[in-house]
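Note sheet for the following structure.
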Amino acid sequence: NSKVIQTPRYLVKGQGQKAKMRCIPEKGHPVVFWYQQNKNNEFKFLINFQNQEVLQQIDMTEKRFSAECPSNSPCSLEIQSSEAGDSALYLCASSLDQDTQYFGPGTRLLVL
Amino acid sequence: QQQVRQSSQSLTVWEGETAILNCSYENSAFDYFPWYQQFPGEGPALLIAIRSVSDKKEDGRFTIFFNKREKNLSLHIKDSQPGDSATYFCAASENYNQGKLIFGQGTKLSIKP
């Protein structure tokens with residue numbers, strides 16, 4: 001069973017508002033991933049970290065999305081100005097080795 | 001372009017039968033293929049995974065059959081139980097691509113008692 005913790009489980013924001021969600025990876029896992037799963041079950045990779053360093057991120061992430069994984073603090077994903085199309089399940093996964101990824105329960109974002 | 005494709009959006013089998021879920025992929029550089037199980041309201045749970053150097057991986061009632069030449073794989077669930085009713089995602093990643101997973105669109109499996 002995954003021990004990845006994500007908070008909050010649900011988030012409701014108005015358009016233009018900031019939305020911030022957090023993730024605590026499994027203990028000892030240095031690699032953290034963020035994915036977006038939309039209502040059609042399509043997954044989109046957003047960004048990943050090894051310890052505090054960004055490994056890879058998509059263009060969308062560079063514009064309105066920001067993420068960090070500070071040492072000794074939860075990782076976070078923040079959307080600076082939420083849009084209706086950002087409504088989705090945001091999934092955090094952690095891994096020892098970049099391959100075997102264990103997902104948390106997700107934060108379900110609804111942008112009104 | 002769908003890099004990882006699952007052939008069925010939904011599948012129904014009777015309890016006790018073997019459920020077979022199919023997946024195909026485009027990118028020859030994919031070398032790691034996990035299957036995830038997701039229940040409503042939960043995150044995906046890793047079920048079983050295979051690397052491209054193998055053609056079969058078994059774990060209890062779950063078996064992956066992998067065909068590198070044909071670029072396809074299948075997940076077999078033996079002795080299906082009602083508790084196996086969930087959505088199953090096939091995923092793939094490339095070596096040296098920092099683990100980014102590409103997911104199929106999922107197959108919703110229903111087990112009839």
Side-chain angles (χ1 to χ4, degrees), chain A residues 1-10 21 23-26 29-51 53-61 69 88-108 110, chain B residues 1-11 21 23 25 27 29-54 57 59 62 64 83 86-109:
Chain A
N1 286 333
S2 173
K3 297 175 180 64
V4 176
I5 298 170
Q6 289 191 249
T7 56
R9 291 295 305 273
Y10 301 94
M21 52 206 88
C23 170
I24 300 175
E26 281 203 36
H29 284 192
V31 188
V32 172
F33 299 79
W34 286 98
Y35 294 87
Q36 178 197 65
Q37 183 183 17
N38 69 17
K39 63 180 169 71
N40 296 321
N41 275 339
E42 294 162 338
F43 285 76
K44 183 181 286 184
F45 166 85
L46 297 176
I47 192 168
N48 60 351
F49 293 83
Q50 178 134 2
N51 297 311
E53 302 299 316
V54 175
L55 292 175
Q56 198 175 24
Q57 62 184 332
I58 65 164
D59 285 347
M60 179 179 80
T61 310
C69 271
L89 182 67
Y90 288 84
L91 291 160
C92 175
S94 73
S95 177
L96 267 175
D97 57 9
Q98 294 185 9
D99 275 341
T100 311
Q101 296 177 33
Y102 299 94
F103 284 84
T107 292
R108 186 163 296 282
L110 175 62
Chain B
Q1 183 190 3
Q2 187 76 27
Q3 289 195 65
V4 176
R5 215 168 261 168
Q6 292 181 245
S7 57
S8 304
Q9 270 198 316
S10 62
L11 177 67
L21 291 76
C23 178
Y25 62 97
N27 187 347
F30 286 152
D31 66 346
Y32 174 71
F33 301 87
W35 282 87
Y36 285 88
Q37 178 191 58
Q38 188 175 29
F39 295 104
E42 298 182 13
L46 180 64
L47 203 57
I48 186 172
I50 194 167
R51 294 197 180 275
S52 59
V53 292
S54 302
K57 176 82 174 286
D59 184 356
F62 303 97
I64 299 175
T87 301
Y88 292 80
F89 292 93
C90 172
S93 68
E94 278 183 59
N95 202 5
Y96 306 120
N97 197 22
Q98 284 111 21
K100 180 176 89 170
L101 285 173
I102 307 297
F103 284 82
Q105 67 272 48
T107 297
K108 186 173 181 180
L109 177 65

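Below, read A as the first sequence line, B as the second, and so on, with proteins coming before strands; counting in each chain starts at 1. Values below: every heavy atom of this structure, side chains too, minus hydrogens, waters and symmetry copies. None of the values given here were measured: they were computed from a predicted structure.
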Test side-chain contact (heavy atoms from CB on, under 4.5 Å) on B/Tyr32 and A/Thr100 and set out the steps.
-> CA-CA 9 Å; B/Tyr32 174 71; A/Thr100 311; 3.6 Å; yes

If you look only at distance, which donor and acceptor atoms sit under 3.5 Å apart when one is on a side chain in residues 36-43 of chain B and the other is two or more places apart or in another chain?
unit_1	atom_1	unit_2	atom_2	d
B/Tyr36	OH	A/Gln101	O	2.6
B/Gln37	NE2	B/Tyr88	OH	3.0
B/Gln38	OE1	A/Gln37	NE2	2.9
B/Gln38	NE2	A/Gln37	OE1	3.0
B/Gln38	NE2	B/Glu42	O	2.8

Do you know which of B/Ala45, B/Pro34, B/Pro44, B/Gly106 has the most heavy-atom pairs with chain A at a distance under 4.5 angstrom?
-> B/Pro44

Walk me through it: do A/Phe43 and B/Phe89 pass the test side-chain contact (heavy atoms from CB on, under 4.5 Å)?
-> CA-CA 10 Å; A/Phe43 285 76; B/Phe89 292 93; 3.5 Å; yes

Roughly how far, to the nearest 0.5 Å, is CG of B/Leu46 from OH of A/Tyr102?
-> 5.5 Å

Proximity breakdown for [X] and chain B, heavy-atom pairs closer than 4.5 Å:
{"X": "A/Leu91", "value": "side chain"}
{"X": "A/Asn41", "value": "both"}
{"X": "A/Arg9", "value": "side chain"}

Identify the heavy atoms of A/Phe33 and B/Lys100 that sit nearest to each other, and give their distance.
-> CE2-N, 4.1 Å

Residues forming a salt bridge (Lys or Arg N to Asp or Glu O under 4.0 Å) with B/Arg51, sequence neighbours excluded = A/Asp99

Test ring pair (Phe, Tyr, Trp, His ring centres under 6.0 Å) on B/Phe103 and A/Tyr35 and set out the steps.
-> CA-CA 11 Å; B/Phe103 284 82; A/Tyr35 294 87; 5.8 Å; yes

Cut-off 4.5 Å, heavy atoms of chain A, and the answer for B/Ile102 is neither

